[in-house]
Amino acid sequence: MKRFTGLLLVVLAVGGFVLAQNALLINGAGASFPYPIYSKWFDEYHKSNSSVQINYQSVGSGAGIKQATDGTVDFGASDGPMSDEQLKAYSDKHGSALLHFPTVLGAVVPTYNIPGVDATLKFTPEALAGIFLGKVTKWNDPLIAGPNKGVNLPANDIVVVHRSDGSGTTYVFTDYLSKVSEEWKGKVNKGTTVTWPVGLGGKGNEGVTGLVKQTPNSIGYVELIYAAKNNVAFGSVKNAAGEFLKADLAGVSEAAAGAAKTMPDDFRVSITNSPGKKAYPISSFTWLLIPAKFSDTAKRDAMKGFLKWAITDGQKDTEELAYAKLPKEVVAKELKAIESIQ
Amino acid sequence: MATSTTTVPNASPSAGSRSFISRLKDGDEIARIITFLFAASVVLITILLVLQLWHDSGLARAKFGIKFFVRQVWDPTNDDFGALTFVYGTLVTSGIGLLIAVPLGLGAAIFLAELAPQKISDTLQFFIDLLAAVPSVIYGLLGIFIVVPLMRVYVQPALKGTLGFLPLFQGPPFGVGFLTAGIVLAIMVIPYIISVSREVLLSVPRDQREAALALGSTRWESTWKVVVPFARSGIMGSIFLALARALGETMAVTMVVGNTPTISASLLSPGYSIAAVIANELPEASGVYLQALVELGLVLFVFTFILNGFARLLLVLTTQKGSGMGHV
Amino acid sequence: MNPRLRWRKFVSNFMLTLTGVCAAVAVSALFFILGYLVYHGGASINWDFFTKLPAPVGESGGGMANAIVGSAKLLLLASLIGIPIGFFGGIYMAEFSNSSIASVVRFAADLLNGVPSIVIGIFAYTVAVLPFKHFSTWAGGLALGIMMIPITLRSTEEFLHSVPRALREGAMALGASRWRTIITVVVPAAYRGIMTAILLALARVAGETAPLLFTALGNRFWSPGWNQPTASLPAMIYSYALSAFEDWHRQAWAAGLVLLALILIVNIFARVILARGTAVPRS
């Protein structure tokens with residue numbers, strides 16, 4: 001028995017070291033919003049660059065920002081741009097900046113599960129704000145039923161589902177709600193974490209989708225691909241120009257079109273409730289949070305290489321996963337910014 | 001117990017104090033020092049743990065003081081925190097868990113200790129011990145996919161239909177919530193109640209039972225009115241142990257409780273517990289937010305420490321009683 | 001027979017049957033759990049599960065090979081911390097110490113034993129992750145090891161105590177020194193019980209998830225060495241179960257089955273085979 005355990009220990013110790021071979025492992029954590037495409041990208045990038053392994057954990061934008069600031073991961077990811085204070089906290093701690101790099105464009109959709117209702121519901125901003133404020137409590141409320149004549153909405157209680165963790169998706173959604181509802185702005189405001197008036201909490205986009213799928217009469221807000229790929233219904237939203245739009249790539253790209261031309265140098269911008277006629281109102285960029293200065297040159301070069309690939313070649317993967325490509329002007333600006341990473 | 005006279009260096013023919021070096025050469029002293037270091041490290045780790053928790057909650061403690069425990073707010077955007085919602089949720093879910101587990105567990109323990117023949121009692125106890133070994137995350141897995149749908153589709157509507165006038169059963173049937181978490185916790189802590197109570201019941205001296213039976217009581221009467229009261233403190237001890245386990249339970253609870261900081265009289269409402277909020281929010285917390293979470297952890301730690309202490313005390317009392325000192 | 005007696009007898013039989021029902025309910029829980037896991041996870045246990053890495057989000061297939069190896073590495077680290085400290089500490093308590101030091105150590109061990117696993121996770125995060133700016137396997141192993149310490153310590157002490165004095169005194173009468181006696185006579189006599197306790201402690205921490213959430217984090221790839229985050233079976237079950245992908249649910253069931261099977265096998269082995277005759281201490 002003793003000899004066996006001794007042998008086992010040796011084998012495992014050797015194994016541990018053998019596996020610590022020449023693969024460079026980079027750790028990142030953050031938003032669940034872009035998780036589907038990030039995991040595809042990292043997998044693909046690893047296939048063509050077998051010495052680089054990028055391990056991304058979907059823990060929510062809030063945790064991503066925090067861990068990037070603490071330095072416990074090599075890079076972060078968030079769909080809520082960091083605030084000035086958060087950026088300052090990082091630079092105070094590390095002596096250099098944390099940079100935002102947009103990677104894809106995505107949409108946040110209102111996803112619901114109403115037994116017996118197959119139609120695509122139309123949601124006005126007032127309806128959405130009312131539901132999530134807890135003021136609209138039944139599915140057949142006039143605010144919801146109004147634009148949806150012909151749909152047989154039951155008199156059931158609405159089960160609201162939101163995020164339990166700090167989330168960029170929450171940021172995008174609450175940013176939108178703050179723009180379209182004064183009451184929301186006053187009561188709840190926007191952020192990666194807010195005090196929700198009502199609802200259940202799910203962890204990550206995955207958790208919210210899971211809860212909505214399993215809970216009848218529920219409504220939640222998730223990134224487009226989560227609803228689409230899991231066969232959970234999602235509705236169209238009335239945009240600033242008055243049209244009801246179901247989230248799609250064209251709508252998202254249109255939302256970003258205006259911002260593309262006036263993109264600030266730090267790439268932090270909000271594109272919710274864009275004025276365009278066919279612009280989907282709850283759209284957003286999502287960013288990778290990359291340190292401006294790496295202490296490990298191998299990691300730096302690997303990240304730069306990945307970034308360049310992601311915003312150019314990697315963009316071909318976006319459509320099948322229901323994300324929109326970055327506008328050309330943004331890509332050009334980013335390529336220049338990548339060079340500044342030391 | 002091994003000889004307790006170890007203050008004397010060692011049992012060598014030339015006993016009495018010798019120089020440290022010559023004692024060292026003996027091997028015994030080295031052995032003692034080495035093993036002492038290991039034992040001391042246990043104390044060190046414990047002290048370190050407590051100190052770390054205390055230190056890392058300092059800002060929060062200073063900012064909120066004692067009011068931390070009575071305020072319901074939890075606002076990370078404005079750095080304002082209060083523990084009440086989570087303390088409430090922890091107590092409610094554990095309370096429901098015990099409410100279900102204690103009668104069931106005590107009943108099972110009585111069966112195993114009083115009625116079942118030795119072989120069956122031991123076999124069943126073996127299975128109960130295996131139940132105690134099932135990890136929390138597996139309870140959570142079963143909770144999400146089996147218990148929650150059952151609750152949402154059958155149990156909660158049934159409760160609302162029959163007892164819906166009570167404030168305990170208001171609100172839509174989510175499936176997740178206080179009641180569901182309580183039920184899952186009940187299954188998790190039953191093994192502790194059963195195994196400890198069974199032992200305690202088995203240790204009640206035979207003459208107690210026999211005296212009762214001789215006086216004409218039925219089996220049940222002798223069990224319920226004589227044996228169980230005799231073992232009362234031990235059974236209480238098992239309940240405290242189970243409670244301590246339930247309070248600290250993280251994974252199973254966070255997967256079925258709804259993760260919503262709410263204080264509600266309704267058992268059907270979603271809620272939150274201390275362990276669950278720490279698990280969900282620690283990775284994204286910093287500054288006072290992080291310290292508030294650590295303070296919650298400290299609170300949980302103190303709760304379970306006190307409960308475990310009481311449990312141990314009660315169990316010691318029972319075993320002492322076994323020597324026939326009569327009722328306490 | 002007077003009616004009152006008849007009633008009391010009826011109550012007696014009724015209540016006692018009820019207790020039998022309670023026992024049946026409690027025991028059947030175990031079989032329900034196993035049954036569900038086998039039913040939902042059984043079909044998904046295939047070669048892929050044990051050999052492949054996780055596939056990208058949304059794509060079906062892939063496996064949990066890295067999680068299985070990750071759990072093994074974590075347990076190895078946990079034993080390196082938990083077993084020596086518990087074992088040698090237990091020897092000190094049983095053989096060398098005086099009662100006041102022993103009670104202090106015992107108190108500390110009981111304290112540590114009662115700490116909820118999430119709080120141990122907080123501790124490991126502040127001590128092994130933040131200062132090193134790294135989630136790592138060894139931080140996870142540290143957390144699990146700390147959880148093992150009280151169990152191995154108390155068990156070693158108890159089993160060493162239970163070795164009859166005559167054995168010790170016999171050896172010492174033959175001229176053996178204390179430590180020689182301990183190593184060659186006392187420990188081997190208590191060996192079975194101690195091994196049982198160690199195996200049970202390992203089985204216990206193998207299923208722990210909460211402490212790993214902030215220490216080992218997770219990894220979609222193999223985790224090289226000991227300084228990187230690693231996937232582990234319990235953590236994978238947790239994140240897959242919460243997701244919305246049917247395929248991930250399927251894999252979570254399979255992982256649950258594998259994890260529980262391993263834990264139960266170790267438990268059964270330790271309690272039945274190893275502990276033959278020795279009384280197993282309460283966990």
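Since the structure is predicted, the reported quantities are computational estimates derived from the model, not experimental observations. Order of the sequence lines sets the chain letters (A, B, ...), proteins ahead of strands, with each chain counted from 1.
Of the inter-residue distances, the one linking Ile219(A) atom CD1 with Tyr112(A) atom OH reads 8.5 Å to the nearest 0.5 angstrom. Atom CG of Asp79(A) is separated from atom CG of Asp175(A) by 11.5 Å, given to the nearest 0.5 angstrom. Atom-to-atom distance recorded for Leu133(A):CG and Trp196(A):CH2 is 9.5 Å, nearest 0.5 angstrom.
Of the listed residues (Asp165(A), Asp157(A), Asn189(A)), the one with the most heavy-atom contacts under 4.5 Å to chain B is Asp165(A). Chain A forms the most heavy-atom pairs under 4.5 Å with one residue out of Gly271(B), Gly258(B), Pro270(B), and that residue is Gly258(B). By number of non-hydrogen pairs under 4.5 angstrom with chain A, the leading residue of Ala285(B), Pro149(B), Gly175(B) is Ala285(B). If you tally non-hydrogen atom pairs under 4.5 Å between each of Thr260(B), Val73(B), Thr254(B), Val148(B) and chain A, the highest count goes to Thr260(B). Among the candidates Asn217(A), Thr215(A), Ile65(A), Asn156(A), the residue making the largest number of heavy-atom pairs closer than 4.5 Å to chain B is Thr215(A).
Between the side chains of Thr272(A) and Ser270(A), at least one donor N or O lies within less than 3.5 Å of an accepting N or O.
For Val176(B), the part lying near chain A is the side chain, with the backbone staying farther off; criterion is any non-hydrogen pair under 4.5 Å. When heavy atoms are compared at a cutoff of 4.5 Å, Thr195(A) approaches chain B solely by way of its side chain, counted from C-beta outward.
In summary, Asp79(B) and Lys63(B) do not engage in a salt bridge, as defined by a charged side-chain N under 4.0 Å from a carboxylate O.
Aromatic ring centres of Phe81(B) and Trp74(B): separated by under 6.0 Å.
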